Protein chains: 2
Amino acid sequence: MPSSDRRLQPRRKPRQIRAELTRERILIAAAHVFTEYGYAAGTTNRIAERARISIGSLYQYFPNKDAILAQLLIRHIDRGTWTGADRLDLSPGTLRATVQALVRDAIDSHSEDPQLLRIMIEEAPLSQDLLDAIDRHGRIRTAQIRDLLTRHPDVRVGDVGTAADLILFTIEMNTHKMMAAPGSVPVETFAAELADMVTRYLRGD
Amino acid sequence: MPSSDRRLQPRRKPRQIRAELTRERILIAAAHVFTEYGYAAGTTNRIAERARISIGSLYQYFPNKDAILAQLLIRHIDRGTWTGADRLDLSPGTLRATVQALVRDAIDSHSEDPQLLRIMIEEAPLSQDLLDAIDRHGRIRTAQIRDLLTRHPDVRVGDVGTAADLILFTIEMNTHKMMAAPGSVPVETFAAELADMVTRYLRGD
DNA sequence: AGAATAGCTGAGCTATTGCTCACAATTACG
DNA sequence: CGTAATTGTGAGCAATAGCTCAGCTATTCT
C-alpha cells in the first residue's frame, strides 16, 4: 500500500549508515522540537539545529516539513501496541476484564509521548494520505471490536457497529484527555470509571 | 471579571453606528474565513478583504489576529444554550430523559457552526485568558452536573465528581465528533446510544 | 592513490504574514 | 458653515518561514 503523495517521499534513500543515522537524528530532534514548540513554531531550522545537522541535510531526507511529522505519525501508527482482539477473553462473565484490557491498550499507546501525539493529531495539517492511513487503522480496529462484541455472550446492544464506534472513540478520547492533562484525577480511578461506563453500556442494563 | 490581557482589547471603542457595523462585519468575515481556510491560513488580509474593509480598519478594532478569534470564542461561550441544571427533572425514573436533555444541549451548542468551533478549539493558539474563561465555564457546568447527580435518586456511582467529569467530557467529545464528521451514522441513532451509555453508567447496574 | 559517489553545509532567496502609519474621508456639533 | 473628532484607507515595513543550490567533505570502489 505505497503512498501516492510525492510530497511526502524523501528525495534520497540513505545508502550509508551515516545517512541512516542522520535521518534518525532528524526524527528524534523533530519529536522533541514539536513537543516543545508545537507544530507551527517548531521550525525546520530549529529541528536541524537540535539535530546538529545543517538545514540542507534535513531537506535531503524530507521534502518538506509536513513529511517529517507524517513520518512520526506513521511510525506511531505502525508501532501500534495493540492487543489483538482475538487474544481477548470471550468467556461469559469476563466482559469487565475485556473492556479493561481495551482501556489499558489505549493508555499504553498514549503513555510514550502524549504531548507529541496531541500535537500530531490536533495541530498538524494532515495530508490526505495521512488521513487515509489513520482511517485505515481506525477501520481495522473498529472491525475487530465489532467482531468481539458480536461474539461475546454478555454483550447486549442494538447495533454492534454503532456501539463499536462509540466505545472506541470514548475510550480513546477520555484516555487522551487523562494523559494530556495529568494530575486532576488519579489515572487508576478514572480508568476504572471509564471501564465501568463502557461495561455497563455493553451489558445493556 | 474583566480580561487583564491588554493584547486582546480593542484599541478604540466604536462611538458611531458605522463603527459598530464595521466591527460586526469583521467578525462575520472572520468566522467565514477561519471556517474556510483554518486558523493559520486565515490571514488578516483575507478577513479584511472578505469584510470589504481595509486592513487598517481591522486593526482599529482588534489589536491582533488572536483577538478576533478570541472574541468569536467568547461570544460562543457567552451565548451558551445551556439548559440550566436546576430546570432538569429529578424525579425517579426520569434519569434517561435527563441525560437525553444533556445530550441535546451538547448537540445544540455545536450545530450552529461545528467547523468553526473545531478550528477555534483545536487550531487556535488560545491565550491564558481564553483558557481561563473556558475553564471557568467548564467548572460551572461540572459543578451543576455534580449537584444534579448528587440529588437525583436513581444515580448510583462511586465518586460523583469523577462521574460528572467523565460524562460531560464523553458527551461533549462524542457530539463534537458526530457534528464535525457527519453522515457516517444518523445523528438520532448515535445520540440515543450515547444517552444509553451514560444512563446505564449512572444507574450503576 | 585517484576517481566516483554519497552525504553535508549554510548563506541567502522567495514568499508570506501580521501589522503600522501618514493621510483621506466621513460624521458630529457649535 | 467650519472645526474637531471619529472612522477608513492601503502601500509597504519588519520579521520570519520554508526551502534551494553551489560547493565542500567523507566514504566507497577500482
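These numbers were taken from a predicted model, which means no experiment stands behind them. Sequence lines set the chain letters: A, B, ... in the order given, protein chains first and strands last, and positions in each chain run from 1.
Salt-bridge annotation for B:Arg151 and B:Asp147: present, with a side-chain N of the basic residue lying under 4.0 Å from a carboxylate O of the acidic one. Taking the charged nitrogens against the carboxylate oxygens, A:Arg104 and A:Asp108 have no contact shorter than 4.0 Å, which rules out a salt bridge. Using a 4.0 Å cut-off between charged side-chain N and carboxylate O, B:Glu24 and B:Arg75 make a salt bridge.
For A:Ser54 and C:dG10, the shortest distance from a side-chain N or O to OP1 or OP2 is not below 4.0 Å. Look at A:Tyr59 and you won't find any side-chain N or O under 4.0 angstrom from OP1 or OP2 of C:dC8.
Between A:Val33 and A:Gly42, the shortest heavy-atom contact is CG1-CA, 3.7 Å. Considering all non-hydrogen atoms of both residues, A:Thr35 and A:Leu116 come closest at OG1-CB, 3.5 Å.
Contact annotation for A:Ile53: backbone-only contact, meaning every heavy-atom pair under 4.0 Å involves sugar-phosphate atoms and none involves a base.
Straight-line distance from the CD1 atom of B:Ile17 to the P atom of D:dT6: 15 Å, rounded to whole Å. Taking atom CG of residue B:Leu21 and atom P of nucleotide C:dT27, one finds them 12 Å apart after rounding to whole Å. Across the protein-nucleic acid pair, A:Glu20 atom CD and C:dC8 atom C1' stand 16 Å apart, rounded to whole Å. Computed from coordinates, the A:Glu49 CD to D:dG18 P distance equals 13 Å when rounded to whole Å. If you measure from atom CD of B:Gln60 to atom P of C:dC23, you get 16 Å, rounded to the nearest angstrom. To the nearest angstrom, P of C:dA25 lies 13 Å from CZ of B:Arg18. When rounded to the nearest whole Å, the span between CD of B:Glu24 and P of D:dG8 equals 13 Å. Between the CD1 atom of A:Ile68 and the C1' atom of D:dC19 there is a distance of 11 Å, given to the nearest Å.
Take A:Phe34 and apply the ring-ring contact (aromatic ring centres under 6.0 Å, His included) test, not counting sequence neighbours, and it matches A:Tyr39.
Heavy-atom neighbours of A:His110 NE2 from other residues, nucleotides or ligands within 6.0 Å: above the threshold of 12. Residue B:His152 places its NE2 atom among more than 12 non-hydrogen atoms of other residues, nucleotides or ligands, all under 6.0 Å distant.
DNA chain D is contacted by no residue of residues 26-47 of chain B, taking any non-hydrogen atom closer than 4.0 Å.
Rotation axes derived from the C1' atoms of the five outermost pairs at either end of the helix from C:dA1-D:dT30 to C:dG30-D:dC1 lie 0° apart, to the nearest 10°.
Side-chain atoms of A:Asn174 and B:Thr170 form a donor-acceptor pair, as typed in the model, at a separation below 3.5 Å.
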